[in-house]
Structure formats: C-alpha cells, structure tokens
Amino acid sequence: MPELPEVETTVRGLEPVLQGKRIASIETRRPDLRRPFPADLRQRMTGARVTALGRRAKYGLIETDRGDTLVFHLGMSGSWRLDPAELGKHDHLLIETEEGRRVALNDPRRFGSVDLVATDRLNEAEPFRGMGPEPLGESFEGSYLKRALAGRTAGIKLLLLDQRIVAGLGNIYVCDALNLAAIAPGRAGGGLSLARLERLAESVKAVLIEAIAAGGSSLRDFVQPNGELGYFSSQWRVYGREGKPCPRCAAPIRRRTEGGRSTFYCAKCQR
DNA sequence: CCGACAACCTGACGGC
DNA sequence: TGCCGTCAGGTTGTCG
C-alpha cells in the first residue's frame, strides 16, 4: 500500500544503496508502466552519480549530478527490491551501481510511473505543478486548511485526497486521521471550525509520523531473503477494520463507499 | 465546483 | 481443483 509513509520508507531503504554511488547501468524490461519510460533514460542516467534521494507527496526522487531527477511513483502495487537474487516478471526497471548493488522496481499492476525531470525546475514540472503543501511541512496547519477549504461543500475526506489541497495523502491515512480528529468523513470541508481544522492537521501529521516510524523500525527487515523493499504492516486505526471497535470509543467501525472507494469511520464519535 | 464513474492492470481471496 | 466475481494503495479524465 504505497502511500506517503511507504514511499518515505522506500526512499530511506534505497538511500544506503544509491546515495553517492555511480550508476553503472539502468535497464528497462518493458516499454512502459502507466506511461512509457523516458526515451532517454538510459543515456541520461548511465554513468551519473546519485547526489540525493528524496520524496515529494507520494513520489520518490533520485537526483543525479547531471541536473536530472528520476521521479518514481509506486502506483497501487509498486515496490523496490534490493539485490534481487533473480528477476521476476514484474521487475520492470533495474539499476546497478558501480559497486554491483542492484535495485529493481517491481510493479505487478503497472499503475506506477518513472519520469526524468530537470532538478532545478522540479516544482514547476509535472506532476508537481499546482500541488498543495506537504502534510508534514510547517505550512500545513489549521489556518492553511481554513483558507484552502473556504466555501467548499464537498466532504472533508474527498478534499483531503485532493493533491492540490494537500499533497501526499491517500485513502488509508485520511480515514485514520479523520478518526483521530473525531471528524465525520462526509462533513463539508468549508463548514469546519478553525479549532477542528487545527486538530485535523495535527492528526494528519500524527498518523503519518507514526506510520513512518513503524516503517523505519521494520526497515531492517527489508533486506530479507526475498530482497523486497516496499510495504510494512502497520496498526491502522479504522482502515480495513469494519466491525472492529473504534479506538476512540469502541463502537463498531463502519464502512461506506463514496466515489468508488471505501471509507472506514466511526459513526458514534466522528462528528 | 460537485459527485459519480470509468479506465489503467494484476493478484488475492471468497464462494460455489 | 478450478472457475468466477469482487476488491485493492493512485491518478486522470469524462459527464451531467
């Protein structure tokens, strides 16, 4: 489930393998994921040195000394495998360093993507142009939400999933943050008080930080015999827990579908 | 602006 | 054992 915490953890897992290292080879094993791989990927990446790894929203960033940043998205099913013993049919991109370390981007559903963007124009380039603030950044707070949501009648859950409002939240952590903040997912965004939005922003940060910490603590497990680097299991508050007790008030968690996606919430304490 | 829906693609799971 | 329907983290686009 690659949401922001999973991407953050993935990037941290790639760091020891790639940071500061020269790319000996980069190989695509099919022409595309969601989009075609960049035509000049090989030419621009081969021989380049990785100068930084990072994350923006749910995208991972691999920056090189040639002024390029490789931007990857894990879609619904993507993960990186570290030093895979052998390649499987869903290992679509392979990077090998001069030291002989290998990382493979694995993505069965192929909803992910790989793009090459000029580093100095990263924020103006797709897909980052027009994106809202990072949910873990300083500017994401109650007063920002008050401004961004003014006049909006859509449900707060849908609005939090809008990357132009805040960049990097997905279905799982939106459900969990709304539970922690005791806010009903269908509440009109524009009608929430500043006090409740302050609590919401804090709740968003709290669930993300906790999930990243859980991923970090399982990082050592990433380089297991299977070499997989990607998801970690986490203690979700409400997501995927229909019928189980709400962590706030013990009432059974409910599930509702809106916009074709499941929302998990507590009808008793989320108002 | 809004909500609903479909599309992209594969695999896991439950029911029969 | 197998077949078939349903569902899943995200993004992007259309429609009314």
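Quick note: numbers below take in every heavy atom, side chains included, and nothing from hydrogens, waters or symmetry partners. First the proteins, then the strands, lettered A, B, ... as listed; each starts at 1.
Checking the phosphate oxygens (OP1, OP2) of dC8(B), no side-chain nitrogen or oxygen of R110(A) falls inside 4.0 Å. Not one side-chain nitrogen or oxygen of K89(A) sits closer than 4.0 Å to the OP1 or OP2 atom of dT10(B). Within the 4.0 Å cut-off from OP1 or OP2 of dG9(C), not a single side-chain nitrogen or oxygen of Y173(A) is found.
Partner L74(A) forms a side-chain contact (heavy atoms from CB on, under 4.5 Å) with one of N106(A), L33(A), L105(A), D107(A) and no other, that one being L105(A).
With hydrogens and angles left out, the side-chain atoms of E141(A) and S143(A) include a donor and acceptor closer than 3.5 Å. At a cut-off of 3.5 Å, with distance as the only test, no side-chain donor of T257(A) or S262(A) sits close to an acceptor on the other residue.
Atom CG in D32(A) sits roughly 11 Å away from atom P in dT10(B) (whole-Å rounding). Across the protein-nucleic acid pair, R164(A) atom CZ and dC1(B) atom C1' stand 10 Å apart, rounded to whole Å. Distance CG (L208(A)) to C1' (dG9(C)): 14 Å, rounded to an integer number of Å. Between the P atom of dG9(C) and the NZ atom of K58(A) lies a distance of 10 Å, rounded to the nearest Å. We find that CZ of R187(A) is positioned 15 Å from P of dG3(B), with the value rounded to whole Å. Atom CZ of R55(A) is separated from atom P of dG10(C) by 14 Å (rounded to the nearest Å). Taking atom CD on Q163(A) and atom P on dG9(C), their separation rounds to 14 Å, with Å as the unit. The distance between atom CZ of F264(A) and atom P of dC7(C), rounded to the nearest whole Å, is 11 Å.
Judged by ring centres under 5.5 Å apart and planes tilted less than 30 degrees, F111(A) fails to stack against the six-membered base ring of dT11(C).
Closest to the side chain of L158(A), from the set dG3(B), dG10(C), dT10(B), is dG3(B). You'll find that the side chain of R261(A) is closest to dG10(C), out of dT11(C), dG10(C), dG9(C).
Judged by a 6.0 Å distance limit and a 45° cone about the ring axis, R256(A) is positioned over the six-membered ring of Y265(A).
Aromatic rings of W236(A) and F264(A) (six-membered ring for Trp) have centroids beyond the 6.0 Å cut-off, not under it. Aromatic ring centres of F128(A) and Y59(A): separated by under 6.0 Å.
Spacing of P atoms, dC5(B) relative to dT6(C), comes out at 15 Å, to the nearest Å.
Base pairing of dC3(C) is made with dG15(B), judged by Watson-Crick or G-U wobble geometry with both donor-acceptor distances under 3.5 Å. Base pairing analysis places dC8(B) opposite dG10(C); the two distances defining the Watson-Crick or G-U wobble pair are each below 3.5 Å.
Heavy atoms of R255(A) sit under 4.0 angstrom from primed sugar atoms or phosphate atoms, though from no base atom. Residue-level contact check: S113(A) touches neither bases nor backbone, having no heavy atom under 4.0 Å from any strand. Using a 4.0 Å heavy-atom criterion, one finds that G155(A) contacts the sugar-phosphate atoms exclusively.
Taking the nucleotide of DNA chain C with the nearest heavy atom to each of P127(A) and R109(A), the more 5' of the two is matched to R109(A). For the pair H90(A) and R34(A), nearest-nucleotide mapping onto DNA chain B gives the more 5' position to R34(A).
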